[in-house]
Amino acid sequence: MNPYEPHVIEEKWQKYWEERETFRVDEDPSKKKYYLLEMFPYPSGNIHMGHVRNYSIGDVIARYKRMKGLNVLHPMGWDAFGMPAENAAIERGVQPASWTHANIDYMRTQLKRLGFGYDWRREIATCDVDYYRWEQLMFLKMYERGIVYRKSSPVNFCPKCQTVLANEQVEGGNCWRCGEEVVQKELTQWFFAITKYADELYEYCDRLPGWPEKVTSMQKNWIGKSYGVEVHFSLEDGTPFTIFTTRPDTLYGVTFMVLAPEHPLSAQLPAGTAQEKEVAAFIEKVKTQDRSFRGEISLEKEGVFTGKYAINPLTGNKIPIYVGNFVLMEYGTGAIMAVPAHDQRDFEFAREYNLPVIVTITPKDRILDPAAMDCAYVDEGVLVNSDRFNGMNNREAINSIIDYLEEKGLGTRTVNYRLKDWGISRQRYWGAPIPIIYCDECGTLPVPEKDLPVVLPVDLEIKMVGRSPLADHPEFYEVDCPVCKKKARRETDTMDTFVESSWYFLRYTCADYDKGPLDRKRVDHWMPVDQYIGGIEHAVLHLLYSRFFNRVLNELGLVGVREPFENLLTQGMVIKDGAKMSKSKGNVVDPNYLIEKYGADTARLFCLFASPPEKDLDWSDQGVEGSFRFLQRVWRLVNERADVLCVIKSLDQLPGAQGDNKLLIHKIHKTVKKVTEDLERFHLNTAIASIMELVNTIYKFVEKEPADEASRAVLKGGCETVLRLLFPFVPHIVSELWEMLGGDVASLGAIWPSYDEGLVKEEKVMIAVQVNGKLRDTCEADRDMTQEDLGEMVLALEKIQKHLEGKQVKKTIVVPNKLVNIVC
RNA sequence: GCCUGGGUGGCGGAAUAGGCAGACGCAAGGGACUUAAAAUCCCUCGCCCGUAUGGGCGUACGAGUUCAAUUCUCGUCCCAGGCACCA
């Protein structure tokens, strides 16, 4: 018997796949296509356990679908622009480009050592000119259509990364990448008009049945759609000003108005009044406060009176106007109507500054006394103090009042979104240059298409400064104006790296295409991605950006589909000692170590068996041992009998089989069914568990050393089934054992075993027998016995009779082939 | 505060459409083999009472629906993730 030597066989089979280009795939009209994609890695230098898990799950699905006869596209590439390359350059004096490419080369060998089957011809590195040149072209097309624009605005800035961050990239006031506290800066930046698509992105969340609800609900939450009305108030002199509210049912309870400090009227209104100084001081004070700090709910509500009044369009009442620190300029119109009786924030403000409270919605069971209230009443109720709307339920009143406002020209039904446009300028070097030229004479100009690509120079010195190193590199930024030919200057900011990952899945379908960004024919053949697999951490970042970008490309005629990802599986994190694996926690398990000690098959198997894909995976060294043990058990099972079995023809059906043969045949078919169904719904851990059961059954079978021809044939059938079912999970050991059994290895990855529904069911079934819902006995019965017969049979059982003694049977419930419950 | 998930043995986790709770694995204990160890194999393994046949309890907690609830309904508690002065 040969020992199980993972390294030897893994190298052997990886070479075999490589030489035969097993995973190479092209469009094939005779087969159904299946595009399987895992989120591509950042080439940090090493594959980590999160990758191993993600790509193991993907590889199982890819191999399984291929065995099922689908034409599977399974590509891999590198999200290769980004900060760490620049940091390495500063720390170690290497070029970001060479650092990145060296990492890619090493990590590619790591992926190959894990046995993942990709079509490497389609490999992409986003830092290659042949990739980002097309992104620059897309940028220009978007610029033409007004989807890209430049504006000055307060932006999130990470002092550590020395660059701007999009809203999505700020987590609780901190940088998503390095955790540094984000500050606000006023900068002129390039933006993608994602808000133009806010409504569609929001509404389509409900048309993504293949996505986890968790993710779509996070996206909806982020987009933040709310229905309301813009109400036109006016100043005493008739100057109109507009506020947004979702609660027009409380319009009769407005007792003051509040403006955001940045609102133009905040400074204008008090001009020339006694309030002028005070207001100016207040605005200045709020401005200097940190914006992340200002967003905090705990912040005390503060404000000052502007000295001016507004007129409520419904009541004609004169209402004081304040400037307040809790009103945001970026949302709605930057001004609100305040209804202290029915809004908690307004209530707090009113109590602070002794402003009146008018109740306009009353609960059914009590009367609200404005003087005695200690918080706002925000629940449902009936309108009071509301003129013609009195007596109406407030939910209905919302629509009635909007209708009335619209009729009188006092307001407009509006929808507001929380989503902001995506700021994509980064003051960094290692990214795709933004193809724009600034000319003193001609202004902001797109780089002419014929001058693309704008190549990122790879030979410059990188220093940590508050702007892009490109800005210190005249060879890059000095350029002639494409219009007037005078000296002009290139944009030196680069694009957010999330732009590259917003369309890489499209480029995979035609990675070699050089006549344009995308070969529409091939894109249409493969898109949409049938199954996307990746971490939950991109729920609103990458996944939202990609949905947006794909829509834009759809409108540019580059893509046929609207939504890029049909089905999404979000895998959980890898946890050790109760925390996410990270260098700082010192709880990292190195995949190299695992491969060296146990081999790739064990590493894969453990990641897949220890927990279902979408849950967090608790790392366990003993669990890894267990997986290794199982593989050795499979190895011994086949290896020890290979000589005998390889000359026998295998059987998984044997009409008239009896005893152990029959039991094993049933188990084989049951297992094939179970594993097939489990794989279809990604229950990989239970699929493995049932293969383990089959292995256990076969061990029991061989214990009796059956020597007759039929038994051996069935045994071989069992072993072959185990191997076939196990192939997607642990392809190396399976290939080796398959060859040992004399099988055709080329067909191993192309045939998924089928099962016979008739052989899944056994003739005898175990019936659970309950009395009054409590299990009292079990008994064997013929399959499909009539309810009457089963009921009769069960009454004869000794234990059951004991429990029925002296009692009258009231009712008998029979679940065919499963259970009888006697009620007495 | 709001929106998602989730809470099952010592542990990771099963139970697909309301029908035997704890599959599979890990750990633990006992045994076989061995000069010994490793490896391997066998047995036990939710809790309580009982020598045992057996009985009671048990899927966060409390109610409810049902012949039957881990599964459905309502309420409560706890944990994780997301959003949060968004008008």
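All heavy atoms count here, side chains included; hydrogens, waters and symmetry mates do not. Reminder, nothing fancy here: chain letters follow the sequence lines and each chain counts from 1.
Distance noted for atom C1' between G18(B) and U65(B): 11 Å (whole Å). Across A28(B) and U35(B), the matching P atoms stand 26 Å from one another, rounded to whole Å. The separation of A39(B) from C77(B), taken at their P atoms, amounts to 50 Å, rounded to a whole angstrom. Rounded to the nearest Å, the gap between the C1' atom of U66(B) and that of C72(B) is 10 Å. Comparing the same atom, P, in C26(B) and in G58(B) gives a spacing of 31 Å after rounding to whole Å. A gap of 16 Å separates the C1' atoms of A60(B) and A69(B), to the nearest Å. With P as the reference atom, G56(B) and A36(B) are 47 Å apart, rounded to whole Å. Rounded to whole Å, the C1' atom of G62(B) lies 39 Å from the corresponding atom of U51(B).
The interatomic distance linking Glu625(A) (CD) with A28(B) (P) rounds to 12 Å, in whole Å.
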- Quick one, give me the B/S/- string for nucleotides 4-13 of chain B, reading 5' to 3', where B means a protein heavy atom under 4.0 Å from the base and S means that only happens at the primed atoms, P, OP1 or OP2. SS------BS
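Lys673(A) has a carboxylate O that lies under 4.0 Å from a charged side-chain N of Glu677(A), or vice versa, which qualifies the two as a salt bridge. A salt bridge links Glu762(A) to Lys670(A): at least one charged side-chain nitrogen sits closer than 4.0 Å to a carboxylate oxygen.
Glycosidic conformation at G9(B) (O4'-C1'-N9-C4 for purines, O4'-C1'-N1-C2 for pyrimidines): syn, within 90° of 0.
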Review item, side-chain donor-acceptor pairs of residues 684-695 of chain A, under 3.5 Å, at least two apart:
{"residue": "Thr686(A)", "atom": "OG1", "partner": "Asp678(A)", "partner atom": "OD2", "Å": "2.9"}
{"residue": "Thr686(A)", "atom": "OG1", "partner": "His683(A)", "partner atom": "O", "Å": "3.0"}
{"residue": "Ser690(A)", "atom": "OG", "partner": "Thr686(A)", "partner atom": "O", "Å": "3.0"}
{"residue": "Ser690(A)", "atom": "OG", "partner": "Ala687(A)", "partner atom": "O", "Å": "3.1"}
{"residue": "Glu693(A)", "atom": "OE1", "partner": "Lys667(A)", "partner atom": "NZ", "Å": "3.1"}

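Using a 4.0 Å cut-off, some side-chain N or O of His803(A) falls inside it from OP1 or OP2 of G55(B). Between Arg633(A) and C41(B) there is a side-chain N or O to OP1 or OP2 distance below 4.0 Å. For C86(B), the OP1/OP2 oxygens have no side-chain nitrogen or oxygen of Lys225(A) closer than 4.0 Å. A close approach under 4.0 Å does not occur between any side-chain nitrogen or oxygen of Arg629(A) and OP1 or OP2 of A39(B). Note on Asn696(A): a side-chain N or O is less than 4.0 Å away from OP1 or OP2 of G25(B). Considering only side-chain N and O atoms, Lys700(A) lies nowhere under 4.0 angstrom from the phosphate OP1 or OP2 of C41(B).
Counting non-hydrogen atoms under 4.0 angstrom, Lys810(A) reaches nothing in the nucleic acid. Contact annotation for Ser226(A): backbone-only contact, meaning every heavy-atom pair under 4.0 Å involves sugar-phosphate atoms and none involves a base. Counting any heavy atom pair closer than 4.0 Å across all strands shown, Gln344(A) reaches no nucleic acid atom. Residue Gln770(A) is classed as a base contact, given a heavy-atom separation below 4.0 Å to a base. Within 4.0 Å (heavy atoms only), Gly626(A) reaches sugar-phosphate atoms of the nucleic acid but no base atom.
Looking at Thr195(A) and Asp421(A), their side chains do bring a donor and an acceptor atom within 3.5 Å of each other. Side-chain atoms of Asn394(A) and Glu380(A) form no donor-acceptor pair, as typed in the model, at a separation below 3.5 Å.
With both pairing distances under 3.5 Å, C45(B) is matched to nothing as a Watson-Crick or G-U wobble pair. Nucleotide G5(B) is matched to C79(B) when pairs are restricted to Watson-Crick or G-U wobble geometry with both distances under 3.5 angstrom. Pair assignment for U40(B) gives A32(B), based on Watson-Crick or G-U wobble hydrogen-bonding distances that are each under 3.5 Å. In this structure, U70(B) forms no base pair with any nucleotide, since neither Watson-Crick nor G-U wobble geometry is met with both distances under 3.5 Å. When Watson-Crick and G-U wobble pairs are counted only if both distances are under 3.5 Å, C11(B) pairs with G25(B).
Of the candidate nucleotides C83(B), C24(B), G19(B), C24(B) has the atom lying nearest to any side-chain atom of Glu693(A). The side chain of Asn821(A) lies closest to C67(B), out of C67(B), G56(B), C86(B). For Val327(A), the listed nucleotide lying nearest its side chain is A87(B); candidates were C67(B), A87(B), C57(B). Of the listed nucleotides (C86(B), A15(B), C41(B)), C86(B) has the atom at the smallest distance from the side chain of Tyr331(A). If you check C20(B), G82(B), U16(B) against the side chain of Arg681(A), the one that comes closest is U16(B). If you check C67(B), G82(B), A84(B) against the side chain of Arg418(A), the one that comes closest is A84(B).
With sequence neighbours excluded, the residues satisfying side chain to side chain contact (heavy atoms under 4.5 Å, CB included) with Lys597(A) are Tyr593(A), Glu625(A). Under the side-chain hydrogen bond (donor to acceptor under 3.5 Å, both in side chains) criterion, His666(A) pairs with no residue, sequence neighbours left out. Legend: residues meeting ring-ring contact (aromatic ring centres under 6.0 Å, His included) with Phe256(A), ordered by chain and number and at least two apart, are Phe349(A). Partners of Lys220(A) by salt bridge (Lys or Arg N to Asp or Glu O under 4.0 Å), not counting sequence neighbours, listed by chain and number: Asp206(A).
Taking the nucleotide of RNA chain B with the nearest heavy atom to each of Ile688(A) and Thr246(A), the more 5' of the two is matched to Ile688(A). Sequence order on RNA chain B of the closest nucleotides to Lys420(A) and Ser690(A) puts Ser690(A) first from the 5' end.
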- Candidate pair Asn399(A) and Arg413(A), rule side chain to side chain donor-acceptor pair (under 3.5 Å), full reasoning: CA-CA 9 Å; Asn399(A) 267 317; Arg413(A) 215 177 229 98; 2.8 Å; yes
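On a pure distance criterion of 3.5 Å, a polar donor-acceptor pair joins the side chain of Lys301(A) and the base of C85(B).
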